[in-house]
Amino acid sequence: MLANKPHGAIYVGSARNMRNRLEQHRAGVPGSHTGRYNIKTLVYFERHDQVFEAIERERRLKRWRRAWKDKLIEEFNPAWTDMSMFIPFD
């Protein structure tokens with residue numbers, strides 16, 4: 001999950017290469033949700049061994065209420081700080 005600030009706009013997505021995808025978001029695509037709201041901070045992530053597991057988890061998270069997403073983020077990252085340095089190298 002990416003955010004623009006604590007409790008601000010968020011983006012939920014999945015990617016095979018999280019480092020590359022994060023750089024794409026940070027470069028900003030005009031007209032995209034992340035570009036429009038300046039969403040560039042990685043505040044939460046999960047690692048899945050199977051692509052279908054990651055896609056299914058993304059779909060479930062997107063259906064969650066916002067308060068549930070905020071709680072999930074705050075359980076692992078109470079300050080909503082950038083977690084990109086914790087992305088494992090594959």
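Sequential numbering from 1 along the given sequence is applied to the chain's residues.
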For residues 1-13, which residue pairs pass the salt bridge (Lys or Arg N to Asp or Glu O under 4.0 Å) check, not counting sequence neighbours?
none
Starting at CZ of Arg59, measure out to CD1 of Ile55 and round the result to the nearest 0.5 Å.
6.0 Å
State the NE2-CG distance between His25 and Leu22, to the nearest 0.5 angstrom.
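Going from the NE2 atom of His25 to the CG atom of Leu22 covers 7.5 Å.
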Taking only residues two or more places apart in sequence, or in another chain, which ones meet [X] in a salt bridge (Lys or Arg N to Asp or Glu O under 4.0 Å)?
X: Lys62; value: Glu58
X: Glu74; value: none
X: Arg65; value: none
X: Arg57; value: Glu46

Heavy-atom closest pair, residues Pro6 and Ala79
CG-O, 4.3 Å
For a quick test of reading the model, state the closest non-hydrogen atom pair linking Arg47 to Pro88 and the distance between them.
NH1-CG, 3.2 Å
Considering residues at least two apart in sequence or located in another chain, which fulfil the side chain to side chain contact (heavy atoms under 4.5 Å, CB included) criterion with Asp82?
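Scan of Asp82 (side chain to side chain contact (heavy atoms under 4.5 Å, CB included), adjacent residues dropped) gives Arg26, Thr41, Leu42, Ser84.
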With Asp70, which residues qualify under side-chain hydrogen bond (donor to acceptor under 3.5 Å, both in side chains), at least two apart?
His7, Arg66
For His33, give me all partners under ring pair (Phe, Tyr, Trp, His ring centres under 6.0 Å), at least two apart in sequence or on another chain.
Tyr37
Taking ring pair (Phe, Tyr, Trp, His ring centres under 6.0 Å) as the test, write out the residues that go with Phe45, two or more places apart.
none
I'd like to check Arg16 versus Val51 (side-chain heavy atoms, cut-off strictly below 4.5 Å). Are they in contact?
yes
Just by distance, do the side chain of Arg19 and the backbone of Ile87 share a donor-acceptor pair under 3.5 Å?
yes
Donor-acceptor check, side chain of Asn38 to backbone of Asn4, threshold 3.5 angstrom: yes or no?
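Looks like no, no N/O pair under 3.5 Å.
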Run Arg21 and Gln24 through side chain to side chain contact (heavy atoms under 4.5 Å, CB included) and show every step you take.
CA-CA 5 Å; Arg21 187 68 178 127; Gln24 290 172 350; 2.8 Å; yes
Checking one residue: Ile10. Which other hydrophobic residues are in its cluster under the side-chain 4.5 Å linking rule?
Met1, Val12, Val43, Tyr44, Leu61, Trp64, Trp68, Leu72, Ile73, Phe76, Trp80
